[in-house]
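Shown next, in structure tokens, is the structure this report addresses.
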Amino acid sequence: MLAAAALLSAFTGCDQRAPAPTRLERARKSAVVHDLDHMKAQRVGREISSPPWIAHVNAVDLDGDGWLDIVACDTRESTILWLRQVARGQFEEMTIAEGMLVPVRVEPADIDGDGDIDLLVASMGEVFPNNDRIGTVSILENDGRQNFTKHAVLERTTRVTDVRAADFNGDGRLDLAVAQFGYDQGEVSWLERVGPWEFRRHVLLDLSGAINIGVADFNGDGRPDIVSNISQQWEEVYYFENHGRGGFSRVRVWGSANEDYGSSGLTVADLNRDGRPDVLFTNGDGFGPAATPGPRPWHGVQWLENVGGGGFRYRRIGNLHGAYSPVAVDLDQDGAIDVVAVAGYADWSNKDREVISLMWFRNDGRMGFEPRVLAMAPKDLITLAAGDFDGDGSPVLVTGGFYVYPPYQNMERILLWRKAGAR
Amino acid sequence: MNVRRRWLVVGGVLLGAVVIGGGVFHVRQRAIVPIVFPEVPAFDDTQARLRAAVAAAMEKANSRKGAKEALEQIAQLYHANGYLDEAQAAYGELEELDPREPRWLHLHALILAGYGDFEPAMARWRGLVELAPDYLPAHLRLAEAELKLNRPDAAAAIYETVLRRWPNEPYAQLGLARIDFEAEKWADALRRLEPLVAQTDYRLGYDLIVSAYEKLGRDAEAKAIRGQMKASGAFRDAPDPWFDELVAVCFDPYRIAIAAGARTNPTEARDLLLRAIELAPHEVSYRLQLVSHYTEQQDAPAALEALRQLTTQAPNFADGWARLAMLQQDFGQQAAAAQTVVKGLEHCPDSPSLRLMWGAMLRRAGRREEAIRELEISIKLRPTEAPAYVELAHAQVSGGDVEAGLANLRRSLEAEPENPDALIFLAFHAISVGDRLEADGWMRRVAQQPRVAAEPARRLKQAYRTKFGRDWQVRE
């Protein structure tokens with residue numbers, strides 16, 4: 001009898017059990033909602049004279065006057081900009097640093113502990129592929145009156161894409177964590193503070209393609225840990241657990257088998273509000289191996305849920321061609337953290353394809369995300385920040401455009417996005 | 001037979017009947033339950049060919065015999081054209097219908113592993129290597145998955161198995177090298193990487209080997225590789241016939257062009273680009289990619305012909321003219337190249353590349369003032385790239401305007417901090433004016449730039465010796 005059953009099974013192929021179901025929780029296939037009237041854009045700063053290269057925008061009250069300002073990297077001009085909010089919605093743009101060797105990231109930190117905000121700057125040296133050691137980490141020291149003195153603290157190194165400050169070795173002084181994309185060779189490093197403007201470099205990972213750094217106490221031990229996303233052919237996210245006194249362990253917490261996955265941005269936020277910082281990241285880099293950049297079906301936004309003990313669980317949020325710069329913000333102020341991302345280089349010249357440039361993934365409160373298109377122009381936005389610019393508790397977005405591929409149409413430099421009718 | 005034993009026999013018979021009956025019922029169920037097709041997505045007007053192909057496949061879906069074949073076609077159409085959710089649903093159904101077909105397991109696993117969902121992907125690949133042990137990509141993917149999941153020992157075991165079966169398999173060697181690299185066993189990694197880069201002509205391992213050399217203090221070897229090119233990025237995935245074949249049913253020319261760029265087989269790459277061009281004859285980027293392909297293959301006649309077609313068909317596309325002129329220059333056809341640039345500028349007066357080329361040509365022809373005008377326009381149009389500054393500096397210095405030339409060289413180093421031509425120029429200048437301190441500084445940067453060719457480096461050292469009466473030596 002059993003033999004007969006076995007024979008039957010063999011005949012029907014029933015011994016080949018279907019593989020286990022997938023655990024991948026893809027974004028629920030809710031339809032994309034076009035919500036193009038939800039937000040209204042306000043142009044801030046100078047007029048466009050040539051295709052803008054704004055690689056990064058950040059929201060910070062630089063002068064401490066109570067109004068949130070914008071700091072930005074003008075990569076074409078190799079300058080750091082300060083768009084000072086002088087009154088609600090009114091901005092004055094000024095250049096606070098020149099000769100920054102192609103800056104792509106500017107982050108606030110009071111490095112010298114004098115109570116004002118200094119700026120950390122990551123400079124690539126050249127945006128287009130270059131494996132030379134042309135990267136720089138600089139600190140712009142604030143004299144308290146927003147006059148800045150440049151200190152290059154790491155020079156002639158692989159191209160630098162991100163820098164953050166934290167006291168990693170517990171000596172009471174701020175150190176730095178650095179993402180170095182390079183091109184064929186690159187690193188993730190931390191720079192140990194050894195003097196007022198002197199640092200000693202420690203390499204945590206020798207791989208090309210590091211894009212961003214995230215710093216948070218991921219394991220709840222009171223020490224700042226580091227995460228970084230690695231693109232190029234590796235397509236991985238690493239977690240560097242801080243064991244104190246400058247000791248780190250390294251573990252890959254996520255990786256893709258798709259060498260064209262296109263990792264493009266990473267940030268840290270407690271997305272599910274469980275008290276543990278999570279990792280939010282985009283994949284939307286559509287450069288190579290074709291002659292021109294363009295969309296991929298797997299481009300989108302996802303998060304690594306911090307499940308404690310150094311463990312992370314991958315969760316897909318949604319698809320977005322050319323996704324960059326994810327931001328966690330409660331955009332509709334319903335108490336659930338939403339995700340907003342920008343998009344670039346997703347159309348090239350296919351004019352018939354609907355191309356999104358600003359997307360809101362609205363959290364339904366149960367960590368389900370409904371994709372809502374906020375804007376389809378301007379094109380090629382690669383940087384996004386959010387903040388309470390109006391001082392009324394409502395979030396305002398700020399975006400920057402970076403135009404390296406024709407057609408040079410639908411361009412904008414720096415825009416503020418408010419809920420329509422908010423002002 | 002006691003009562004207890006009788007009941008056991010009866011129970012066994014009943015259980016057997018249930019097992020057989022259940023099996024038969026299951027088989028019948030699969031035969032009579034309709035195959036579940038994924039919902040057909042809404043295709044837009046640019047996807048008419050895909051829509052037609054899906055519709056043609058779906059026509060067979062209602063016939064009892066053709067339904068499975070239709071599902072196979074549908075799955076591959078969705079996968080090839082970027083509808084990954086639909087493809088996964090179809091592959092899942094095919095896995096149920098045809099669990100002994102390894103292809104569906106593999107293609108489904110590739111999608112899953114692309115999102116880092118390795119456990120279900122590995123379940124499929126493990127099944128696959130039992131069903132189709134000769135399919136190399138599945139073994140490599142399985143090993144890669146183990147590695148990505150931080151299980152280097154398991155990954156190494158699979159890579160070693162691959163190498164026993166396929167000696168010198170390059171991706172297995174790369175995988176083992178990466179395991180050593182991650183363990184910071186630099187010498188072991190190097191032992192694998194040195195033959196690998198030789199075997200693949202630096203297509204694989206070019207990235208890790210430089211870091212390994214540097215970790216071991218073998219800077220000269222690292223520098224030699226760094227000096228080979230400004231940026232490589234040569235890595236391509238291992239050939240994967242079942243996945244690669246999908247492109248045959250792709251109707252999106254951009255995706256076909258991506259597939260072409262990812263191919264290691266030049267004939268396949270060319271044929272794919274020709275197909276992309278056929279699907280989108282007015283799209284210049286595929287034609288330009290074809291030119292790059294012919295150039296990489298050193299097929300100059302084909303590249304020239306493709307460029308002539310491109311400039312005829314899209315005269316407002318500046319890169320076409322620029323690439324044509326460059327190729328003509330490479331062949332020593334200076335007059336033809338100049339004609340091409342002039343003609344290109346008639347159509348594309350705002351092209352920084354053509355302005356730069358024309359400026360350089362004018363300078364070489366001794367028409368210095370005109371050259372300077374062209375180069376200044378080029379810089380105005382594209383201030384972010386070093387070559388125009390360097391060319392302008394040459395024109396200015398040769399005309400006696402040394403200060404302006406030096407200023408432009410400094411600007412070139414803002415655009416590209418270690419531009420080899422600018423460094424050489426500045427070093428020669430410092431030597432020529434006898435500023436040894438300045439010369440030492442530039443010489444040091446020249447020495448640190450791996451892309452400075454041997455001959456200018458030799459001439460620089462000779463000039464230094466002649467001027468200062470001593471050899472220049474690296475001083476840390």
Side-chain angles (χ1 to χ4, degrees), chain A residues 1-2 4-5 8-9 12-14 16-24 26 29 53 76 78 99 101 125-127 129-134 156 183-185 206 208 232-233 236 251-252 254-261 288-292 294-298 314 316 348-350 352-353, chain B residues 12-13 16 19-20 23-24 26-27 44-46 82-85 95-96 99-100 105 110 112-117 119-120 123-124 127 141 144-145 148 150 206-207 210-211 226 230-233 235 237 254 257-258 261-262 283 285-286 288-289 292 383-384 414-418 448-449 451:
Chain A
M1 240 173 330
L2 292 175
L8 182 67
S9 293
T12 59
C14 290
Q16 286 290 324
R17 294 172 62 184
T22 70
R23 69 159 171 77
L24 177 66
R26 289 185 301 279
K29 292 202 72 180
W53 282 20
R76 174 188 282 272
S78 275
L101 299 172
E126 187 176 11
V127 169
N130 188 329
N131 195 44
D132 290 344
R133 290 189 173 106
I134 53 176
R156 299 207 175 97
Y183 194 76
D184 297 320
Q185 288 81 40
D206 286 279
S208 57
Q232 295 293 70
Q233 65 267 38
E236 294 166 346
V251 67
R252 184 175 25 239
W254 181 83
S256 168
N258 179 357
E259 60 116 352
D260 190 30
Y261 196 67
T292 53
R296 309 286 194 273
W298 48 81
Y314 176 89
R316 184 79 171 174
W348 177 226
S349 58
N350 191 343
D352 298 320
R353 189 176 276 152
Chain B
V13 168
V19 168
I20 292 174
V24 170
H26 177 71
V27 172
D44 65 30
D45 291 342
T46 64
Y83 292 85
L84 301 185
D85 287 343
E95 286 166 356
E96 287 280 323
R100 299 194 68 83
L105 296 173
L110 281 178
L112 293 164
Y115 292 102
D117 198 6
E119 293 296 355
R124 285 162 173 81
R141 289 296 186 188
E144 182 190 24
K148 295 264 181 182
N150 303 302
Y206 58 92
D207 33 27
V210 170
S211 300
R226 282 182 179 273
K230 188 173 175 180
S232 167
F235 178 87
D237 259 340
Y254 184 68
I258 292 171
E283 175 53 64
S285 69
Y286 310 138
L288 193 66
Q289 193 176 339
S292 298
T384 53
E414 286 172 18
E416 186 190 340
E418 301 298 320
Q448 288 170 350
Q449 169 52 281
R451 290 190 291 122

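Just so it is clear: chains get the letters A, B, ... in the order the sequence lines come, proteins before strands, and each one is counted from 1. Given the structure is predicted, the values throughout are model-derived calculations rather than measurements.
Note on A:G99, A:G255, A:A257: by heavy-atom pairs under 4.5 Å with chain B, the leading option is A:A257. The most heavy-atom pairs under 4.5 Å with chain A, out of B:D237, B:D45, B:L84, come from B:D237. Taking chain A as the reference chain and counting heavy-atom pairs below 4.5 Å, the highest number among B:P417, B:G261, B:A145 is found for B:P417. Considering only heavy-atom pairs separated by less than 4.5 Å from chain B, the leading option among A:R252, A:R296, A:E126 is A:R252. Between chain A and the options B:Q289, B:E144, B:E414, heavy-atom pairs under 4.5 Å are most frequent for B:Q289.
Contact between A:P297 and B:G82 at its shortest, heavy atoms only, is CB-O, 3.1 Å. Across all their heavy atoms, B:F235 and A:E259 have their closest contact at CD2-OE1, 3.8 Å. In this structure, A:A291 and B:S285 approach most closely via the heavy-atom pair CB-O, 3.6 Å. Minimum interatomic distance between A:P289 and B:A262 (heavy atoms only, all atoms of both residues): CG-N, 3.9 Å. Annotation for A:W254 and B:G114: closest pair CZ2-O, 4.4 Å, computed over non-hydrogen atoms. Nearest heavy-atom pair across A:Q185 and B:S211 is CG-OG, 3.6 Å.
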In sequence, state the C-alpha distance, the side-chain angles, and the governing distance for B:R451 and A:N130, and then conclude on side chain to side chain contact (heavy atoms under 4.5 Å, CB included).
-> CA-CA 11 Å; B:R451 290 190 291 122; A:N130 188 329; 4.2 Å; yes
Audit row: B:D207, A:Q233, side chain to side chain contact (heavy atoms under 4.5 Å, CB included) steps and yes/no = CA-CA 10 Å; B:D207 33 27; A:Q233 65 267 38; 2.4 Å; yes
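A donor-acceptor distance shorter than 3.5 angstrom exists from the side chain of A:D184 to the backbone of B:S232, with no hydrogens or angles considered. No donor-acceptor pair closer than 3.5 Å links the side chain of A:Y314 to the backbone N or O of B:G116. Under the 3.5 Å distance criterion, the side-chain polar atoms of B:Y254 are matched with a main-chain donor or acceptor of A:T292.
For B:E418, the parts lying under 4.5 angstrom from a heavy atom of chain A are both the backbone and the side chain. At a 4.5 Å heavy-atom cutoff, the contact between A:R156 and chain B is made by side-chain atoms alone. Residue B:I258 touches chain A through both its backbone and its side chain, counting heavy-atom pairs closer than 4.5 Å. For B:A415, the part lying under 4.5 angstrom from a heavy atom of chain A is the backbone only.
Between A:P129 and B:K230 the shortest side-chain heavy-atom distance does not fall below 4.5 Å.
Interatomic distance, B:L112 CG to A:S256 OG, rounded to the nearest 0.5 Å: 11.0 Å. Taking CG of A:D132 as the start and CD of B:Q449 as the end, the distance is 4.0 Å to the nearest 0.5 Å. Note that NZ of B:K148 is 3.5 Å distant from CD of A:E236, once rounded to the nearest 0.5 Å. Note that CG of A:N258 and OH of B:Y115 are 9.0 Å apart. Values are rounded to the nearest 0.5 Å.
Every side-chain contact (heavy atoms from CB on, under 4.5 Å) that A:V251 has, sequence neighbours left out, goes to A:Y239, A:V253, B:N150.
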